[in-house]
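What you are looking at is a predicted structure, and each value in this text was computed from that prediction instead of being measured.
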Amino acid sequence: YLVGDGTCQLASLLSWVARDAGLTVEAPVNHNFAAIPEVPKEQGVSIYSHPTNKGRSATQNLYIKNDYQRVVRFAFHYDGEKLRISAAKVL
């Protein structure tokens, strides 16, 4: 089970960056039941993976669709203290 190990925090950050980049984001379940460090409540995404129930897992995932005609690259930059995630269209 993916519970309490940072997957929701990472999914929330990716969702936030994707929305800011103008990508289509579908996140069926909000993480408004608990705070995620440094993520505004409205940006929270809940991720859950059940090892024997794929249907249940599918309804609680993050889906990001690239609506552009070009590749979109997510870049992760970590300086030892801060993580920065960016999204950019590749020329």
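Distance check, rounded to the nearest 0.5 Å: CG of Leu10 to CD1 of Ile47 gives 9.0 Å. With rounding to the nearest 0.5 angstrom, the NZ atom of Lys54 is 13.0 Å from the OG1 atom of Thr59.
Applying the side-chain hydrogen bond (donor to acceptor under 3.5 Å, both in side chains) test to every pair with at least one member in residues 75-88, sequence neighbours left out, gives no pairs at all. Pairs passing the ring pair (Phe, Tyr, Trp, His ring centres under 6.0 Å) check and including a residue from residues 6-43, sequence neighbours excluded, read His31-Phe33.
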Test side chain to side chain contact (heavy atoms under 4.5 Å, CB included) applied to Asn66 and Leu23, step by step: CA-CA 6 Å; Asn66 180 1; Leu23 299 170; 3.9 Å; yes

Phe76 and Leu14: CA distance, side-chain angles, deciding distance, side chain to side chain contact (heavy atoms under 4.5 Å, CB included) verdict: CA-CA 10 Å; Phe76 295 77; Leu14 285 170; 3.7 Å; yes

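Scanning for side-chain contact (heavy atoms from CB on, under 4.5 Å) contacts around Lys89 gives Tyr68, Arg70, Val72, with sequence neighbours left out. For Ser12, the side-chain contact (heavy atoms from CB on, under 4.5 Å) partners two or more places apart in sequence, or in a different chain, are Ile36, Val39, Val45. Residues satisfying the salt bridge (Lys or Arg N to Asp or Glu O under 4.0 Å) criterion with Asp67, sequence neighbours excluded, are Lys65. Partners of Tyr63 by side chain to side chain donor-acceptor pair (under 3.5 Å), not counting sequence neighbours, listed by chain and number: Asn61. With sequence neighbours excluded, no residue forms a side chain to side chain donor-acceptor pair (under 3.5 Å) with Asn30. Judged as a side chain to side chain donor-acceptor pair (under 3.5 Å), and not counting sequence neighbours, the contacts of Gln60 are Ser46.
Distance alone, capped at 3.5 Å, is enough to place a donor-acceptor pair between the Gln9 side chain and the Pro37 backbone.
Through side-chain heavy atoms spaced under 4.5 Å, either directly or across other Ile, Leu, Val, Met, Phe, Trp or Tyr residues, Val71 is tied to Val90.
Atom CD of Glu42 sits in a crowded spot, with more than 12 heavy atoms from other residues, nucleotides or ligands closer than 6.0 Å.
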